[in-house]
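Note that the structure is predicted; figures quoted are calculated from it, not measured.
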Amino acid sequence: MPRPLCIFCERAATTGEHFWPKWMRPLLRGHSFTHSIESSLDASQKGLPIAENPRRTRQGSPEHTKFKVVCSTCNNGWMNAVEKANRHYLTPLVKGERATLTAITRRSIAEWIYLKALVLSHAPTPSSNPTPQVIYARREAFAFKVWRRIPIDFRVWLAHGDLDQWRVGVRLNS
């Protein structure tokens with residue numbers, strides 16, 4: 001069986017990308033995440049009802065989840081640069097502190113979130129294991145890598161919540 005290719009280039013996908021970055025873990029300390037629940041939704045192009053696929057519970061905190069969909073060159077190169085560029089912007093947001101979000105800051109955060117959406121959309125889901133249900137095509141991933149192009153219909157909403165503690169998770173809708 002051939003190795004899967006990096007979603008951003010033609011190299012072999014040899015490294016696991018942490019969905020939740022290592023630098024974010026100390027910001028989430030004090031919360032007990034002992035397992036993660038994975039599920040996926042299938043939406044029909046014909047307007048039929050959305051079907052939720054079976055859930056799968058995995059041991060271990062979701063903050064340690066890795067997806068082996070990228071090569072080490074991309075992961076340790078330009079993807080790391082996107083991560084580093086946004087750490088300064090995201091840290092106060094994760095801490096619930098006030099932050100000024102300029103147009104440049106919002107664009108940078110959108111790039112970080114889109115990068116995570118690309119990784120997640122290529123990751124295996126419980127219903128498709130080990131074949132993911134790809135939402136974003138390889139050409140879109142390549143356009144993001146080269147030009148940081150984000151599709152015009154991609155939206156990001158940031159809001160403050162009143163929860164007493166963090167709930168680490170992600171939901172990708174298409």
To the nearest 0.5 Å, atom CG of Leu118 lies from atom CD1 of Ile113 at 12.5 Å
> Leu120, Leu5: one ILVMFWY side-chain cluster at the under-4.5 Å cut-off?
Replying inline: no
Here the gap from Leu27 atom CG to Leu93 atom CG, rounded to the nearest 0.5 Å, amounts to 11.0 Å
With sequence neighbours left out, the residues meeting side-chain hydrogen bond (donor to acceptor under 3.5 Å, both in side chains) with Thr105 are Thr102
**Q.** Test: Glu83 and Arg87 ion pair at under 4.0 Å
**A.** no
Would you give me the side-chain donor-acceptor pairs under 3.5 Å for residues 72-82, sequence neighbours excluded?
{"residue": "Asn75", "atom": "ND2", "partner": "Thr15", "partner atom": "OG1", "Å": "3.3"}
{"residue": "Asn76", "atom": "ND2", "partner": "Ser72", "partner atom": "O", "Å": "3.2"}

Check: Heavy-atom distance under 4.5 Å between the side chains of Tyr114 and Pro151, does that happen here?
Finding: yes
- Same cluster (ILVMFWY, side-chain, under 4.5 Å), Leu115 and Val146: no
*Could you go step by step and tell me if Lys68 and Glu17 meet the salt bridge (Lys or Arg N to Asp or Glu O under 4.0 Å) rule?*
CA-CA 6 Å; Lys68 204 169 195 173; Glu17 164 65 2; over 6 Å; no
The reported gap from CZ in Phe154 to CD in Glu111 (rounded to nearest 0.5 angstrom) is 10.5 Å
So CZ of Arg106 and OG1 of Thr100: to nearest 0.5 Å the spacing works out to 11.0 Å
dist Ile7:CD1 -> Arg138:CZ (nearest 0.5 Å) comes out at 8.0 Å
query: Would a hydrophobic clustering, with Ile, Leu, Val, Met, Phe, Trp and Tyr connected at side-chain separations under 4.5 Å, put Met24 with Val156?
result: yes
Using ring centroids (six-membered ring only for Trp), state whether Phe8 and Phe142 fall under 6.0 Å. no
Pair Arg149 + Glu140, salt bridge at N-O below 4.0 Å: no
One should read off an interatomic distance between Lys116 NZ and Ser121 OG, to the nearest 0.5 angstrom, of 13.0 Å
What one should report as the nearest heavy-atom pair of Cys71 and Ala12 is CB-O, 3.3 Å
Tightest non-hydrogen contact, residues Lys22 and His18, listed as CE-CE1, 3.4 Å
